[in-house]
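In what follows, chains are A, B, ... by sequence order, proteins preceding strands, each numbered from 1.
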Number of protein chains: 2
Amino acid sequence: MLSERKKKILCAVVDGYIESATPISSKEIMQSALPNCSSATIRNELSALESMGYLIQPHVSAGRIPSQRAFRIYVDELMNYERLSDEETNLIVKYLTHQVDTVEEMVERVAKVLSEITHLPALVLKEDNLDIITSIKLLDLDNGKALVVIVTDCRVLKDSFVDLPEHFTSGMLKSAQDWLNKIFVGKRISDFLNYNFPFELVNDQFGDFNKFFKRIVDTLKRESLTHSMQLSTVGENKIFEHVEYKDSEKAKQFLDTVEQKELICELLYCDQDGTTVKIDKEDAVLEGCSLVKSNVQLGENISGSIGVIGPVRMNYKRVVAVVDKISKILNYVINSKR
Amino acid sequence: MLSERKKKILCAVVDGYIESATPISSKEIMQSALPNCSSATIRNELSALESMGYLIQPHVSAGRIPSQRAFRIYVDELMNYERLSDEETNLIVKYLTHQVDTVEEMVERVAKVLSEITHLPALVLKEDNLDIITSIKLLDLDNGKALVVIVTDCRVLKDSFVDLPEHFTSGMLKSAQDWLNKIFVGKRISDFLNYNFPFELVNDQFGDFNKFFKRIVDTLKRESLTHSMQLSTVGENKIFEHVEYKDSEKAKQFLDTVEQKELICELLYCDQDGTTVKIDKEDAVLEGCSLVKSNVQLGENISGSIGVIGPVRMNYKRVVAVVDKISKILNYVINSKR
DNA sequence: AATTAGCACTCAAACCAAAAGAGTGCTAAC
DNA sequence: GTTAGCACTCTTTTGGTTTGAGTGCTAATT
């Protein structure tokens, strides 16, 4: 357990480093946090904190910079949260209560405001696989294809087609539609994935169109897989505002990381309550960056996560406050719509 | 008009500069292009080319680098085109003849291969506004909304919904659908934009549902507007492979340029035949970069453009050859599908 | 026992001067 | 018209010196 003074010093180092991106000296700490101590005393404490693994000295005549461990304890215990100004809060509220037609639009707006206000790339994950199927429609498009539409309790999936077999009548299409509805209505989108096509059953009813049915089911599976989760990233270029990415080699590394959609999804997809901070090597993907996230409602019955990603030396006070605030506003906005 | 020797020298400077990114000296030119001249002779020529505006000398004791004008004449007259190896051609063919279900998939594949093979960000513009409407469908989703589907001769637009008025019967939906088809079938998607809603006509037929009809037409307009052109950009991070973007300030500038979708669209959207090269300040947007593009077929009756964007000092020989080849393969692939 | 003043020490960063090297332009000869 | 030769310019490299920030340690102080 750290003494009060050690905490104060550690906090001052992290705060200072976040602000200046340079090693922090004993003298600076004295001035900013402990004017009643001498710099020598602080030096002793710094030395202790270093051997405890919280601080790093780039070279002997430099100040100290925080280790990953220091950022961790800073975020968890030391920092005092920032309160967003009323203007800022109002701005966010205004932006997020704007009338939107689709969830996608909402996602876009959330990502935009998050990125603008934190000056970091914003991540928004939409989870879709728990919707319950209300009905399935097969729409003959008169061009030999049918549009497969899945209506769920909160949205409409409509990106799949099936080729119709020759000599297919609209009556048969209707039968197929009925059959699909009988089986799938009430199930979850994600249930498609585990569904095994019952050849014998259909063989009896539709004979030759067995293959066609199988194809529809496969289409539905594919559709549900591609729509089970969707990650939007907005404002990648914001990282150029931060000194750690002055060297474009570093910028490339960062952008490559953000591009690893599946891995980022995994990081965002955890059901921990409240705002979570993942730092640097705590997760192999993050090497050199941190991620701040929170679970949110993106629409009626549509849940997801929002977050930002950026350098380990990000302004956690502010970023955590923003992510927290936006997620709360979002939940409020969504729930007041009912 | 340039003498043969001047051409040879200018070509050597551009070739050398493209390869090494450093100023090219008289000696190098002698070795690479004119072993029968002395470096002094070449120096005289270089001096002449400089005063003609083709070359720039960064400082007195440096070699020459090409001006924008030099790149222009190089691309138009001097360079000898590269021939893609058979392996490479086969690779592209294989990649582009792979079975795809939608135009979007095709666009993705084209962009991917283009970017990978040129080591530059790839641009693919899909033009959609000339499709001819085959039919319009209104599909009752049982949740108070109807899905508006526009079927054209080559694709299906299906991203729009309308809220159904209360007490709306499926019979009325059918009537509405018939009415829409009567008016719009045979027209082009782009025609929606100029269509004025004929209040009186509908008033007679459907009385109270006037507003609803207007809403459908507005929806159709919006749909056709958002789908009239679509730009995909793939492989932005490829620019980090090029020395001009070692400084991340430059990289940011470039990425900001690429982000200006509308302006990039304008550059891609011109109906010049064959492969076109736009260099640097020839277009205000391009400041510091060049763009190589070609018009292509992306599907039956779907035209568009493909291109890459990168530093002025890009390998035009190769890039032009690649863009050319891919556009030809694409046209071949699409036409052989019929 | 904790704190602090004082000082020696280290090391990065800034500075400067000299040397090396690349490449030119010009002149005079071919 | 071409070229050898040379003086000149300017960048780049090198290496050494200085400066200054900041520490760790010791010894004195509270």
Side-chain angles (χ1 to χ4, degrees), chain A residues 1-10 12-17 19-67 70 243-244 246-247, chain B residues 1-10 12-17 19-67 70 243-244 246-247:
Chain A
M1 198 50 206
L2 292 175
S3 71
E4 272 315 302
R5 195 168 67 185
K6 280 204 177 60
K7 281 187 187 174
K8 236 177 172 170
I9 291 175
L10 190 49
V13 174
V14 180
D15 276 335
Y17 183 68
E19 197 187 316
S20 70
T22 59
I24 306 303
S25 71
S26 53
K27 203 169 150 199
E28 283 174 80
I29 297 168
M30 186 182 78
Q31 281 156 3
S32 73
L34 291 169
N36 301 323
C37 282
S38 77
S39 68
T41 310
I42 295 171
R43 274 203 293 285
N44 288 331
E45 296 281 56
L46 285 173
S47 188
L49 284 165
E50 183 173 359
S51 57
M52 292 163 85
Y54 288 111
L55 296 177
I56 295 163
Q57 199 172 22
H59 58 87
V60 61
S61 78
R64 304 301 208 291
I65 61 175
S67 68
V243 289
E244 12 275 295
K246 212 175 189 81
D247 176 16
Chain B
M1 198 53 204
L2 293 176
S3 72
E4 273 315 301
R5 194 168 66 186
K6 280 205 177 58
K7 281 186 187 174
K8 236 177 172 171
I9 290 175
L10 190 48
V13 173
V14 180
D15 276 334
Y17 182 68
E19 197 187 316
S20 70
T22 59
I24 306 301
S25 71
S26 53
K27 203 168 150 201
E28 284 173 80
I29 297 167
M30 184 183 79
Q31 283 158 1
S32 73
L34 290 169
N36 300 323
C37 281
S38 78
S39 66
T41 310
I42 295 173
R43 275 204 291 286
N44 289 331
E45 296 282 56
L46 285 173
S47 188
L49 284 166
E50 182 172 359
S51 58
M52 293 163 88
Y54 288 112
L55 295 179
I56 295 163
Q57 198 172 23
H59 57 88
V60 61
S61 78
R64 304 300 207 293
I65 62 175
S67 69
V243 289
E244 11 276 295
K246 214 178 188 79
D247 176 17

Q: Return yes if some donor-acceptor pair links the side-chain N/O of B:Ser26 with the main-chain N/O of B:Ile42 below 3.5 Å, else return no.
A: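 No, the answer is negative, given that no donor and acceptor are paired below the 3.5 Å cut-off.
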Q | Nearest-Å distance for atom pair CE/P, residues B:Met30 and C:dT24 | A |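 The distance from CE of B:Met30 to P of C:dT24 comes to 11 Å, rounded to the nearest Å.
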Name the closest nucleotide to the [X] side chain, picking from [options].
X	options	answer
B:Asn44	D:dG5, D:dT3, C:dG23	D:dT3
A:Cys37	C:dT4, D:dT3, C:dG6	C:dT4
B:Glu28	C:dG23, D:dT3, D:dG22	C:dG23

Min side-chain heavy-atom separation [X]-[Y] under 4.5 Å:
X	Y	value
A:Val13	A:Tyr54	no
B:Asn44	B:Ser47	no
A:Glu4	A:Lys8	no
B:Ile24	B:Leu46	no

So, is [X] close to the [N] phosphate, meaning a side-chain N or O under 4.0 Å from OP1 or OP2?
X	N	result
A:Arg5	C:dT3	yes
B:Thr41	D:dT3	yes
B:Ser25	C:dT24	no

Q. Hey, which of A:Arg5, A:Arg64, A:Lys7 is the one that makes salt bridge (charged side-chain N to carboxylate O under 4.0 Å, His left out) with A:Glu45?
A.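 Exactly one option meets the salt bridge (charged side-chain N to carboxylate O under 4.0 Å, His left out) with A:Glu45, and it is A:Arg5.
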Q) For DNA chain D, what residues of residues 47-66 of chain A have any heavy atom nearer than 4.0 Å? A)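 Within this stretch, A:Gln57, A:Val60, A:Ser61, A:Ala62, A:Gly63, A:Arg64 sit under 4.0 Å of the strand.
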